[in-house]
Amino acid sequence: MAAALTDKNGLPEERLFVVPTAEELARAAAGRIWGIVRERAAVLPRCGKTVPRVRVALSGGETPRRTYEILSAEPYRSRFPWELVHFYQVDERWVPPEDPRSNRRMLHEALLSRAPVPADRFHSVDTGLSGPEEGARRYEETLRAAFPDPPGGFPRFDAILLGIGRDGHTASLFPGAPLEEGSAWFMATAAAGDPPVRRVTLTLPAINAAAQAIFLASGKEKARALHRVLSGDPVLPASRVFPVRGKLTFLADADAASMTLSKGGIKR
Ligand code: 6PG
């Protein structure tokens with residue numbers, strides 16, 4: 001099922017797609033990333049870019065794990081233009097990379113160790129630095145080298161894959177905490193979430209500068225948060241994601257969408 005959430009000037013700007021199961025959700029997400037990358041890879045040489053590249057930011061947590069595994073396997077594995085795609089982290093928990101809570105570790109297990117991603121195409125947060133502030137500053141340098149002088153002052157990722165927490169957080173932007181820090185693209189946050197650790201994250205304006213933001217929501221425990229986000233509850237950081245010159249897509253399984261669908265759909 002698909003629903004256009006808003007329709008400004010006759011053009012749908014947000015879309016919700018609901019599929020029956022978590023496995024179908026992962027397949028839909030992999031297909032969507034593949035579609036965006038393929039389209040960008042086809043267009044870039046015509047834009048006169050000497051070194052074409054597609055830039056994608058990936059979330060951690062558990063929901064996208066299966067999506068990454070699917071992308072790493074056939075039929076995508078041998079068709080995906082791995083050489084062209086640069087992967088970045090949406091956020092990271094400030095733990096060593098071998099820690100089970102590390103997003104980098106999850107990305108490694110599900111994608112980087114399985115797919116032929118060249119080592120210099122994955123740009124990881126270095127949690128071996130002195131602390132989250134230094135880590136955020138250094139990662140922002142990495143991003144600024146990849147997006148020199150972007151129009152509007154923020155990086156335009158081709159796609160950002162996001163999750164939703166039960167409390168309505170996204171990336172490592174939590175309710176009640178700052179969502180931005182001046183003109184910063186990446187910032188350190190206080191300890192939050194489950195597990196409650198310090199984190200580093202893309203800022204809200206950096207997320208909202210993307211060409212495409214795609215949310216994944218799976219399971220009954222996400223139903224209330226997804227419903228509140230789709231209702232536009234401004235308290236929730238995930239509700240504040242709205243790419244200013246891009247597209248916003250919500251992919252949900254039936255359990256995650258259950259409250260939205262039973263309450264008669266979408267309000268914003
Ligand atoms: C993180 C994430 C975070 C995640 C949500 C959902 O590091 O925690 O990147 O924003 O997407 O917490 O997490 P789950 O997919 O594990 O439910």
Side-chain angles (χ1 to χ4, degrees), residues 21-23 25-26 28-30 33 56-71 87-112 122-127 132 135-136 139 157 159-180 186-204 206-208 210 213-229 236-241 248-253 255-258:
T21 65
E23 179 66 14
L25 176 71
I33 293 170
V56 177
L58 301 175
S59 277
E62 274 307 306
T63 311
R65 181 186 284 273
R66 183 72 189 126
T67 300
Y68 303 149
E69 289 173 355
I70 290 170
L71 270 182
F87 294 104
Y88 295 85
Q89 289 191 252
V90 166
D91 67 337
E92 182 57 283
R93 295 104 180 250
W94 200 257
V95 295
E98 61 280 5
D99 190 293
R101 298 167 294 180
S102 162
N103 283 340
R104 176 177 167 182
R105 175 178 163 151
M106 190 278 276
L107 288 165
H108 189 264
E109 288 170 357
L111 181 71
L112 306 167
F122 175 62
H123 305 271
S124 60
V125 171
D126 182 359
T127 56
Y139 202 62
F157 284 99
I160 299 187
L161 195 63
L162 294 166
I164 301 179
R166 277 181 296 180
D167 58 0
H169 80 263
T170 191
S172 285
L173 302 171
F174 285 82
L179 306 182
E180 57 193 283
F186 214 75
M187 68 181 188
T189 67
D194 181 15
V197 284
R198 292 209 63 195
R199 296 159 179 250
V200 290
T201 182
L202 280 172
T203 60
L204 182 66
I207 293 173
N208 281 341
I214 302 155
F215 276 102
L216 293 191
S218 174
K220 277 238 179 302
E221 68 276 14
K222 299 292 174 69
R224 188 170 155 70
L226 181 66
H227 178 59
R228 286 178 67 192
V229 170
L236 305 189
S239 306
R240 309 279 301 280
V241 172
L248 178 58
T249 304
F250 292 86
L251 300 179
D253 64 18
D255 282 343
S258 55

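In each ligand, atom 1 is the first atom listed, and ligand 1 is the first ligand listed.
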heavy-atom search around atom 16 (O) of ligand 1 in the protein gives Glu62 N, 2.7 Å
Identify which one of Thr127, Asp99, Val197, Thr189 satisfies the side chain to side chain contact (heavy atoms under 4.5 Å, CB included) criterion when paired with Trp94. Thr127
CG of Leu162 to OG1 of Thr170, rounded to nearest 0.5 Å, is 4.0 Å
Between Gln89, Met106, Arg93, which one has a non-hydrogen atom sitting closest to atom 8 (O) of ligand 1? Arg93
From Ser59, Gly61, Ala171, Gly163 - option closest to atom 3 (C) of ligand 1 by heavy atom: Ala171
Taking only heavy atoms of Asn103, which atoms of ligand 1 are found under 4.0 Å from at least one of them? 1 (C), 7 (O), 9 (O)
Hits for salt bridge (charged side-chain N to carboxylate O under 4.0 Å, His left out) against Glu109, two or more places apart or cross-chain, chain-then-number order -> Arg65, Arg105
Test Asp91 against every option in Asn103, Leu202, Leu58 by the side chain to side chain contact (heavy atoms under 4.5 Å, CB included) rule and name the one that passes. Asn103
Looking at atom 2 (C) of ligand 1, what's its closest protein heavy atom, distance included? Asp91 OD2, 3.3 Å
Taking 4.0 angstrom as the limit, do Arg199 and Glu92 come out as a salt bridge? no
If you scan protein heavy atoms around atom 12 (O) of ligand 1, the nearest is His169 NE2, 2.7 Å
Look at the aromatic rings of His123 and Tyr88 and report parallel, tilted or perpendicular, splitting at 30° and 60°. parallel
Parallel, tilted or perpendicular for Phe250 and Phe215, by the 30°/60° rule? parallel
Report, in ascending order of atom number, the atoms of ligand 1 lying under 4.0 Å from any heavy atom of Thr63. 14 (P), 15 (O), 17 (O)
Among non-hydrogen protein atoms, atom 17 (O) of ligand 1 lies closest to Lys222 NZ, 2.6 Å
Check salt bridge (charged side-chain N to carboxylate O under 4.0 Å, His left out) between Arg198 and all other residues, then give those that pass, not counting sequence neighbours. Glu133
Protein heavy-atom partner closest to atom 6 (C) of ligand 1 - residue, atom, separation in Å: Ile164 O, 3.6 Å
Atoms of ligand 1 close to Gly60 [distance to a heavy atom under 4.0 angstrom, numbered from 1]: 9 (O), 11 (O)
Taking a cutoff of less than 4.0 Å between a non-hydrogen atom of the residue and any ligand atom, is Glu221 in contact with ligand 1? no
